[in-house]
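Down below is the structure, laid out as structure tokens.
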Amino acid sequence: MKPTESTSRRFPGLFVTFEGSEGSGKTTQIERLVSRIEAAGPEVEVTREPGGTEIGEEIRHLLKHGSIGKEMCPETELLLFAASRAQLVREVILPCLEAGKVILCDRFLDSTTVYQGVARRISADPVNTINRFAIGDIMPDLTVVLDVPAEVGLSRIRHRASDLPDRMEQENIGFYHKVREGYLVLAKSFPDRFVVVDGTLPTEEIEEIIWDAICPLLNK
Ligand code: Z5A
């Protein structure tokens, strides 16, 4: 199985991931969807990458804010994201799916494919192999990409941020153009799993589009 192919629904739960560049509105949409899904019946669990477990949150700190992070080479970065993911899959995602919950995850393996693979230019073979090792065979049932021009996403987070940009937010604009393009290419290659939503639309409209994509899966 290629790591970007959909897994058929083997579990009673539903696994939905949210992708897109920084400031694309992932957190905003996840927050809005929780109560809506719960009103339809299933229990919802929200998690994020990197992070979502005690080990993962330590790795997140190292990747984003650790004082030694400046020296980090792209290969180490790739392995740290994968380590956080391996823990999250086994400690949180798999048990939730087995328990019939809906799990909404802010970023997952596609972030690695795009950020470390496309934008940092690590070749696809190691990225896919490491991704596959980290996830076992747990793939999202649906991946929502919130698509915004790099300039829009960055201006949103710079307005929001009261503190300095973290290590991952210090790249030049070209890096974020590659990220956006990377997501669009990936989504085109796997149309059964991905839905791409214009992240510049009003928040309520985006929520409706995502809801329309999730709803049929809730009823399966
Ligand atoms: N990364 C990686 O390289 N490899 C990997 O494998 C993984 C991650 C898993 C994680 O950062 C970093 O790690 C990220 C990718 C990399 N790095 N970079 N650079 P994070 O978890 O700290 O942050 P993020 O995932 O990039 O998300 P974010 O910055 O928190 O943004 P967001 O969640 O997508 O957006 P938001 O917080 O919902 O909204 C941002 C602002 O826009 C906020 O003020 C909202 O009110 C506003 N907003 C939201 N929607 C709208 C609409 N529709 N219109 C107008 N304004 C809006």
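Just so it is clear, the structure is predicted and the values come from calculations on it, not from any experiment. Ligands are counted one by one from 1 in listed order, and the atoms in each one are counted from 1 as well.
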Legend entry - Selection residues 125-147 - residue pairs positive for ring pair (Phe, Tyr, Trp, His ring centres under 6.0 Å), sequence neighbours left out: none
Inset, instruction - Please state which part of Arg85 comes within less than 4.0 Å of ligand 1, counting heavy atoms only: side chain, backbone, both or neither. - result: side chain
Inset, instruction - Mark yes when over 12 heavy atoms from residues, nucleotides or ligands other than Glu71 sit less than 6.0 Å from its CD; otherwise mark no. - result: no
Inset, instruction - Determine, using ring centers only, whether Phe108 and Phe15 are less than 6.0 Å apart. - result: yes
Legend entry - Distance filter under 4.0 Å to Gly199 heavy atoms, resulting ligand 1 atoms: 53 (N)
Inset, instruction - Please identify which atoms of ligand 1 are closer than 4.0 Å to at least one heavy atom of Ile206. - result: 53 (N)
Inset, instruction - Check whether any N or O atom of Thr27, backbone or side chain, sits under 3.5 Å from an N or O atom of ligand 1, and answer yes or no. - result: yes
Inset, instruction - Number the atoms of ligand 1 from 1 as they appear, then name those within less than 4.0 Å of a heavy atom of Ile157, with their elements. - result: 29 (O)
Inset, instruction - Evaluate whether atom CD of Glu58 has more than 12 neighbouring non-hydrogen atoms of other residues, nucleotides or ligands under 6.0 angstrom away. - result: no
Inset, instruction - Using a strict 4.0 Å cut-off to heavy atoms of Gly23, name the atoms of ligand 1 that fall inside it. - result: 28 (P), 29 (O), 31 (O), 32 (P), 34 (O), 35 (O), 40 (C)
Legend entry - Steps toward side-chain contact (heavy atoms from CB on, under 4.5 Å) verdict (Phe175, Ser21): CA-CA 10 Å; Phe175 181 89; Ser21 48; over 6 Å; no
Inset, instruction - Indicate the atoms forming the closest heavy-atom contact of Thr203 with Arg32, along with that distance. - result: CG2-NH1, 3.3 Å
Inset, instruction - List the steps and the verdict of side-chain hydrogen bond (donor to acceptor under 3.5 Å, both in side chains) for Arg85 and Thr112. - result: CA-CA 10 Å; Arg85 180 165 312 130; Thr112 302; 2.9 Å; yes
Legend entry - Atoms of ligand 1, numbered as shown, that sit under 4.0 Å from any heavy atom of Gly25: 32 (P), 34 (O), 35 (O), 36 (P), 38 (O), 39 (O), 49 (C), 50 (N)
Inset, instruction - Number the atoms of ligand 1 from 1 as they appear, then name those within less than 4.0 Å of a heavy atom of Leu201, with their elements. - result: 52 (C), 53 (N)
Inset, instruction - Look only at interatomic distance and state if Thr112 has a nitrogen or oxygen under 3.5 Å from any nitrogen or oxygen of ligand 1. - result: yes
Legend entry - Proximal atoms of ligand 1 relative to Lys64 (non-hydrogen, under 4.0 Å): 11 (O), 20 (P), 22 (O)
Legend entry - Greater than 12 external heavy atoms within 6.0 Å of Glu43's CD: no
Legend entry - N or O pair under 3.5 Å between Lys26 and ligand 1: yes
Legend entry - side-chain hydrogen bond (donor to acceptor under 3.5 Å, both in side chains) between Ser111 and Glu19, worked out: CA-CA 7 Å; Ser111 285; Glu19 297 280 356; 2.6 Å; yes
Legend entry - Qualifying residues under salt bridge (charged side-chain N to carboxylate O under 4.0 Å, His left out), relative to Asp106, sequence neighbours excluded: none
Inset, instruction - Please state which part of Arg60 comes within less than 4.0 Å of ligand 1, counting heavy atoms only: side chain, backbone, both or neither. - result: side chain
Legend entry - Residue Gln116 vicinity, atoms of ligand 1 by number, heavy atom under 4.0 Å: 2 (C), 3 (O), 4 (N), 5 (C), 6 (O)
Inset, instruction - May I ask you to check whether Thr28 has an N/O atom sitting below 3.5 Å from an N/O atom of ligand 1? - result: yes
Inset, instruction - Report yes or no: does a heavy atom of Tyr176 sit under 4.0 Å from some atom of ligand 1? - result: yes
Legend entry - Glu22 and ligand 1 - part of the residue with a heavy-atom distance under 4.0 Å: both
